[in-house]
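Notes to accompany the following structure.
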Protein chains: 2
Amino acid sequence: MASKKVVEIFYDVVSPYSWLGFEVMCRYRNVWNIDLKLRPAFLGGIMKGAGNKPPGMVPNKFLYMTKDLSRAAQYFSVPLQHPTDPFVVMFEKGSLAAMRFVTAVQERENGGDKQVERVSRELWRRIWSEDKDITKPESLAEAAVKAGLSDKDIEEVMAMVTTNKIKDKLKNTTQEALENGAFGFPMIVCHVDGKKEMFFGSDRFELMAYCIGEKWLGPQPDKISANL
Amino acid sequence: MASKKVVEIFYDVVSPYSWLGFEVMCRYRNVWNIDLKLRPAFLGGIMKGAGNKPPGMVPNKFLYMTKDLSRAAQYFSVPLQHPTDPFVVMFEKGSLAAMRFVTAVQERENGGDKQVERVSRELWRRIWSEDKDITKPESLAEAAVKAGLSDKDIEEVMAMVTTNKIKDKLKNTTQEALENGAFGFPMIVCHVDGKKEMFFGSDRFELMAYCIGEKWLGPQPDKISANL
């Protein structure tokens, strides 16, 4: 068996397309011969660093994305619901505290990634399914409880989030995504024969499969999409 | 057999992603139970009307698109090659004359669409494969000859392109695309059970198939992609 190809997914829980990409990659981590690396990063830093503007500023694009997200979420079986005010959620409240929290969970987990996977998912669920806050400490703690972290785990994570170590780790991951060419999330980097193949968004899985020599079986590989 | 679903593709030959979408839809017009309508329109009018900015203005996005286009073109088997200076081609030279020409070919063809399909393809081939001009009358005529139009056909088309009828037809199609929610091309509009389902870009075919109740067989349905 050939050695596993490393596939990194750079994401932020404020980004709904990242949720779709994240769930698909988590489903495929045991279907494809890949070593999936979760890379929580800060979308605000990417947009600023790349000089990009949020796509939702163009009215027709905003309307389309709203529709496209709902349609894709249904097809992908991800329980995405639009928050009452996506602009407030994405641009006023933001995700810096949340992504520092996820980064601290990852740092503390040290090698494993079950907790960082579950905490990320619960944060997406709050913001992009239940229209709940992800900026306050109690919001983050609630997500962590749902993700199965103990009170002691959460206390330790909370103590880490404001340390320079965690702030710098999030900054460095964001910087690394920028240097890999990111201008938004999700950005998926596949390491193929010593080269990096990057895929932006949640609509290139078939092409990604082709590039890494795997088969695309639809968004639910355990069920094999009836459509394929 | 259920009646054919109408699928409209709004496109401009200046747009490389439109070429990919156009070829895929032309391949599927006899595979899926659809009535494909070619809708040549003017991308410059869409960008202005929607208040959108070209994605290539963000350096990381430009680099990514260049790579993504080459990779997708290879996967889609479309002989796309980047012109020496895509900015000059797309934003300085533009496609107004070319799209009026395509519109005149369509108007004259009156019902059929073989000529408009072939002329569109030859214009894409000039700009996005052979790095040739598409703004001068002789360039348009050369494309039309390759597309199989006779000298008499071309003479008639040339006489039509500056008429108000053709100018207005192109304007109206562009306006219709905007009213359907376009903010770029290709924009594919599927008419499903009295509703319109819109798909932007050339990366939603699997989802489109799902929405119109058809099977996605990869970008080359006649060969059935080895990847699926």
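Computed over heavy atoms, backbone and side chain alike; hydrogens, waters and symmetry mates excluded. Keep in mind that this is a model prediction, so the values were computed, not measured. We name chains A, B, ... by the order of the sequence lines, and we start the count at 1 in each one.
Residues meeting the side-chain hydrogen bond (donor to acceptor under 3.5 Å, both in side chains) test with A/Lys132, sequence neighbours left out: A/Glu130.
Residue pairs that meet the salt bridge (Lys or Arg N to Asp or Glu O under 4.0 Å) test with at least one member in residues 88-106 of chain B, sequence neighbours left out, are B/Lys93-B/Asp133.
Other residues, nucleotides and ligands place more than 12 heavy atoms under 6.0 Å from the NZ atom of B/Lys167.
Between A/Asp203 and B/Glu206 there is no side-chain heavy-atom pair separated by less than 4.5 Å. A heavy-atom distance below 4.5 Å is not found between the side chains of B/Arg204 and A/Tyr75.
Taking the ring axis of B/Phe199 as reference, the NZ or CZ atom of A/Arg71 stays within 45° of it and closer than 6.0 Å to the ring centre.
Using a 4.5 Å cut-off between heavy atoms, A/Phe76 makes no contact with chain B at all.
Contacts of residues 171-198 of chain B with chain A at a heavy-atom distance below 4.5 Å involve B/Leu178, B/Gly181, B/Ala182, B/Phe183, B/Glu197, B/Met198, listed in sequence order. Taking 4.5 Å as the heavy-atom cut-off, the residues of residues 58-67 of chain B that approach chain A are B/Val58, B/Pro59, B/Asn60, B/Lys61, B/Tyr64, B/Lys67, ordered by number.
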